[in-house]
2 protein chains.
Amino acid sequence: MAKKKLEEVDLSTEEKIKDAARRVFMKKGYAATRTRDIAEAAGINLALLNYYFRSKEKLFELIMLEKLAKFFGAIAPILNDTNATLDQKISAFSNNYIDLLTANPELPLFILSEVRANPERFVNKLPVAKVAESHFIQQLQEKRPDVHPLHFLMNVLGLSVFPFVMKPVFHASGILNERAFAARMEERKALIPKWIMGMLKTK
Amino acid sequence: MAKKKLEEVDLSTEEKIKDAARRVFMKKGYAATRTRDIAEAAGINLALLNYYFRSKEKLFELIMLEKLAKFFGAIAPILNDTNATLDQKISAFSNNYIDLLTANPELPLFILSEVRANPERFVNKLPVAKVAESHFIQQLQEKRPDVHPLHFLMNVLGLSVFPFVMKPVFHASGILNERAFAARMEERKALIPKWIMGMLKTK
DNA sequence: GTCTATAACCTGATAGAC
DNA sequence: GTCTATCAGGTTATAGAC
């Protein structure tokens with residue numbers, strides 16, 4: 001059997017639409033996406049989109065739930081591992097999360113952009129409580145009761161995520177190409193734990 | 001004379017429209033903004049918007065240029081002050097920039113969201129060269145020739161900016177209210193220089 | 001300069017044939 | 001299940017009266 005050009009050729013129609021919706025929503029955001037774009041990207045007719053998913057809104061919510069689970073789901077388990085030391089948690093996090101984001105570079109900015117554009121939609125729907133009250137937070141409080149633990153959580157997260165958030169800016173500026181960006185992110189896997197452990201000692 | 005309810009009542013029509021455009025574009029982004037929203041927010045008629053600014057696109061570009069200048073313009077002068085030490089640059093940056101962002105909390109995510117949604121529009125239009133080739137970068141290279149200077153630039157920027165990027169998420173989660181956020185950001189002004197100077201010593 | 005009215009087009013969604 | 005055709009409503013932009 002000849003190799004197919006598009007990898008989704010053999011998928012069900014429903015999956016073809018979801019696949020296309022992931023690509024188009026991620027690239028342009030909810031507001032700028034037209035259902036016709038998704039239909040075209042899926043290689044199907046516009047009517048089929050509504051046949052399977054009822055509306056643009058419902059389809060978007062489906063995709064968004066997936067993306068939220070991917071973005072937040074990877075954090076809580078690591079930070080709540082009660083057998084891991086602070087150092088181990090930070091290492092595990094930066095390694096795993098940078099891998100996740102390298103495979104899904106537009107994930108953070110997609111979520112952040114949509115939350116900003118439509119905060120009401122996300123009220124009480126963001127699974128961050130497990131992170132904000134994690135075992136990691138407790139360890140931080142023990143280690144440095146003089147500094148609010150949120151600072152260190154923000155830093156671990158930010159040092160890993162922020163480069164991906166800035167990526168479109170660097171790319172549009174022509175400052176940092178794809179290969180160089182990947183190299184820097186690979187270096188950060190080992191650097192971030194050192195930096196954060198240093199912060200925890202800084203008086 | 002009685003005090004006016006809205007501060008822009010006495011402005012020229014052109015300024016009223018620009019003021020409204022700033023608010024609406026910043027809140028909803030380009031794609032989700034309707035010119036009718038802007039006209040209504042400005043208290044004028046829809047036709048006047050086109051009379052003064054020709055099109056939604058032109059009006060947006062005007063506002064975006066302002067915002068880009070604000071966001072990037074504050075960085076380069078500090079990082080290119082050839083009389084300042086590394087430590088002084090970092091302190092000046094985190095203090096000034098956190099003040100700027102506290103006064104304009106939606107600024108970073110507005111720009112990042114729009115660049116992501118429409119990268120072509122911004123190619124060669126982002127004034128970041130003066131930052132990427134700054135005196136600060138030279139100092140970093142001298143101090144730590146073993147680590148790519150972009151890491152430290154990214155960290156100084158990220159530690160200041162990332163909390164504002166995450167703000168909508170924290171807010172929608174109910175984790176962090178306005179007052180607590182402001183308190184943390186005030187603390188970070190002094191913390192960030194310590195953290196970064198620590199990083200520069202970490203082997 | 002400012003308004004109302006409307007043109008010209010676009011978008012999400014559905015009806016109905018196959 | 002899948003398509004074509006089309007509806008209903010919304011959106012940008014302009015014409016023309018005042």
Side-chain angles (χ1 to χ4, degrees), chain A residues 4-67 110 113-114 117-118 120-121, chain B residues 4-65 110 113-114 117-118 120-121:
Chain A
K4 297 291 174 51
K5 253 187 186 173
L6 301 169
E7 66 285 349
E8 74 268 19
V9 165
D10 291 331
L11 298 177
S12 71
T13 301
E14 192 170 340
E15 269 307 322
K16 274 196 265 184
I17 298 173
K18 275 168 83 172
D19 250 42
R22 283 186 198 102
R23 291 197 302 274
V24 181
F25 278 139
M26 286 277 272
K27 185 176 175 202
K28 315 219 278 181
Y30 178 79
T33 293
R34 296 169 304 156
T35 51
R36 280 171 169 78
D37 297 336
I38 298 175
E40 195 187 351
I44 53 96
N45 188 274
L46 171 61
L48 272 182
L49 188 150
N50 290 87
Y51 175 77
Y52 280 103
F53 299 98
R54 287 259 321 265
S55 72
K56 176 187 177 184
E57 178 96 14
K58 299 262 186 214
L59 177 54
F60 178 76
E61 277 169 14
L62 212 71
I63 304 298
M64 181 51 88
L65 275 180
E66 272 185 29
K67 300 299 180 186
F110 169 69
S113 296
E114 295 300 332
N118 213 336
E120 317 82 39
R121 178 183 256 150
Chain B
K4 298 291 173 51
K5 253 187 187 173
L6 300 170
E7 66 285 348
E8 74 268 20
V9 165
D10 292 331
L11 297 178
S12 71
T13 301
E14 191 171 340
E15 269 307 321
K16 273 196 265 184
I17 298 173
K18 275 169 84 171
D19 249 41
R22 283 186 199 101
R23 290 197 302 274
V24 182
F25 278 139
M26 286 278 271
K27 185 176 175 203
K28 314 218 278 181
Y30 177 80
T33 293
R34 296 168 304 155
T35 51
R36 279 172 170 76
D37 298 335
I38 298 175
E40 195 186 352
I44 54 97
N45 188 274
L46 171 61
L48 273 182
L49 188 151
N50 291 87
Y51 175 78
Y52 280 103
F53 299 99
R54 286 260 321 268
S55 72
K56 176 186 176 184
E57 178 96 16
K58 299 260 186 216
L59 178 54
F60 178 76
E61 278 168 14
L62 212 72
I63 305 298
M64 181 52 88
L65 275 180
F110 169 69
S113 296
E114 296 299 334
N118 212 336
E120 317 81 40
R121 177 183 256 152

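The sequence lines fix the lettering, A, B, ..., with proteins before strands; numbering per chain opens at 1.
The CG atom of B/Asp37 sits 8 Å away from the P atom of D/dT11 (whole-angstrom rounding). Nucleotide C/dC3 holds its C1' atom 16 Å from the CD atom of B/Glu40, rounded to whole Å. Distance A/Ile38 CD1 to C/dC10 C1': 16 Å, rounded to the nearest Å.
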**Request:** If a protein heavy atom is under 4.0 Å from the base, mark B; if only from the sugar-phosphate, S; if neither, -; do that for nucleotides 11-18 of chain C going 5' to 3'.
**Result:** BBBBB---
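Applying the ring-ring contact (aromatic ring centres under 6.0 Å, His included) test to residues at least two apart or on different chains, the pairs with a partner in residues 30-49 of chain A are A/Tyr30-A/Phe60. Applying the salt bridge (Lys or Arg N to Asp or Glu O under 4.0 Å) test to residues at least two apart or on different chains, the pairs with a partner in residues 33-48 of chain A are A/Lys28-A/Asp37, A/Arg34-A/Asp37.
Contacts of B/Ala31 classified as side-chain contact (heavy atoms from CB on, under 4.5 Å), with partners at least two apart in sequence or in another chain: A/Ala31, A/Ala32. For B/Lys27, there are no side-chain contact (heavy atoms from CB on, under 4.5 Å) partners two or more places apart in sequence or in a different chain. Residues that satisfy the side-chain contact (heavy atoms from CB on, under 4.5 Å) test with B/Leu65, not counting sequence neighbours, are absent from this structure.
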